[in-house]
Amino acid sequence: MSYELVIWLEVHIKLNSENKLFCQCHNEQEFESLEINTNICPVCTWQPGALPVLSQEALDKAVQLWIALGCEVDRWSYFDRKSYFYPDLPMWYQITQQWRPTNINGEVNFFVDKEFKEQKTVRIRDAHIETDTGKSLHEDGKVVLDYNRSWTPLVEIVTHPDFRSTEEVVAFLKQLQRIAKFNKISDAELEKGQMRVDVNVSLKEEGSDEFGTRTETKNMNSFSGIIKAIEFEEKRQTEILRAWGEIEQQTRAWDATSWVSHVMRSKEDAMDYRYFPEPDLPVCELQDEYIDQMKDIVVEDPFLRIKKYKEEFAFNKEYINTLINDVDMNNTFEVLIKDGYEAKEVAKRMAGPIQRWLNDNVSAYKDIVFSEAYFREFLDRISSWELANQQAKVVIAEMLQSGKSAQEIIEEKGFKPISWEEIQTWISEIFEQQPELLEQMKSGDMKPKWFVIWQVMKKSWGAANPQMIGESLWKILA
Ligand SMILES: [Zn+2]
């Protein structure tokens, strides 16, 4: 009997709003640099009398994320109290949206493979806002409770069981990261805890519509961990089923050092969270006008951009990867092509010298020292044949180092555009060396034309305008 892997995910994305979800504390994005319990207040540590107030900015970002995920945004929702005891949860409950999530029925489209060929759609069951917990730290045999992270805003995204392989899971999560980054909702870095993933794994008999019992492995924070945890669970469940055993519904924890998961709790000790509507927060009502405003802010789905680069521009995967891995570079690219710059020319410079400079300097596109206006000027000079290909390489390398304009560098280097006279001299030189070409063309056989143009291009370092070469050639033949 062979089995098919069935996976669904619960993904937590940490919003990058200025403040925490229900208080005025700063919503720190990286906790490592922060002194323990220095980013807290009476609200996020649940002091008597303190009341939560929903952050408008966090709500805006959550709504934008829902729209970007193609969800139906519910006009009316409320928050629930999820009661459970955990030492790093100061109020003994989490505020979430259990019964009336603001968003249902979304979908995420993505390419599964690295060549951008195989498309896949995964359905989103719901997406809702909730608070994060604090952290328990173990130091010198003691437990330290750090509430810096307490009440920071999360959006939890729950998918349908649409995944059939680890490749699909990884490609989906990368697309989710792109959506979050492109919309400046979250950096969604797994390693920084800005994205955390629970994987639900089950097996079904091949060809059957019936799903097997699932297990959930919680809080994965690396792509390699996610892959290993799914593979571990697939192997474990297959062995049980092959031995005619039964899969037990379990919540499991992943041990990233020994690469195994172990049982946290089974169905028998499932917790009763005693959900009830959060009495300290009003019902959340969203107006159509507000939702329209949020729709205007959400950028084009990065999947559609990848599709455009692949199908319309016929870019190779190197170009596509460069363009979709840096939001600022991508935005500049989109603006430039909208203004009529040739897509291939812009992508060539971005994937070539600019990407190399970013790699060498471990930088992002926003750190580039020359302005967009200078980049435009550089591209203008290429399209007007003022810069040879070799010269352009020198100019952009210098621009990346010094931040100077193309104009300044051209003057410094003494680069000059190719003149009509130079082109005519080069053509004459070619015909002097190979007079048979001239004879052939004069007799009406134009086959050598491209050879001559190519020779002149070579002599000019790729700087001569082929149209000018063609015209010069006609003058000589006339
Ligand atoms: Zn606070």
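We count ligands from 1, going down the list as the structure has it; atoms in each ligand are counted the same way. Small disclaimer: the values here were computed from a predicted structure and weren't measured. Heavy atoms only: backbone and side chains are in, while hydrogens, waters and symmetry mates are out.
R252 and E233 are joined by a salt bridge, as a carboxylate oxygen and a charged side-chain nitrogen come within less than 4.0 angstrom of each other. Between E189 and K181, at least one side-chain nitrogen of the basic residue sits less than 4.0 Å from a carboxylate oxygen of the acidic one, meeting the salt-bridge criterion.
Under 3.5 Å, the side chains of S222 and E191 contain no donor-acceptor pair of N or O atoms. Between N330 and R305, the side chains place a donor N or O and an acceptor N or O closer than 3.5 Å (distance only, hydrogens not considered).
Taking the ring centre of F223 as origin, the terminal cationic atom of K174 falls inside the region bounded by 6.0 Å and 45° from the ring axis.
Partners of Y275 by side chain to side chain contact (heavy atoms under 4.5 Å, CB included), not counting sequence neighbours, listed by chain and number: D80, K82, T96, Q98, W99, Y273.
Less than 2.8 Å away from the Zn ion (ligand 1), the protein contributes these N/O/S atoms: C23 SG, C25 SG, C41 SG, C44 SG.
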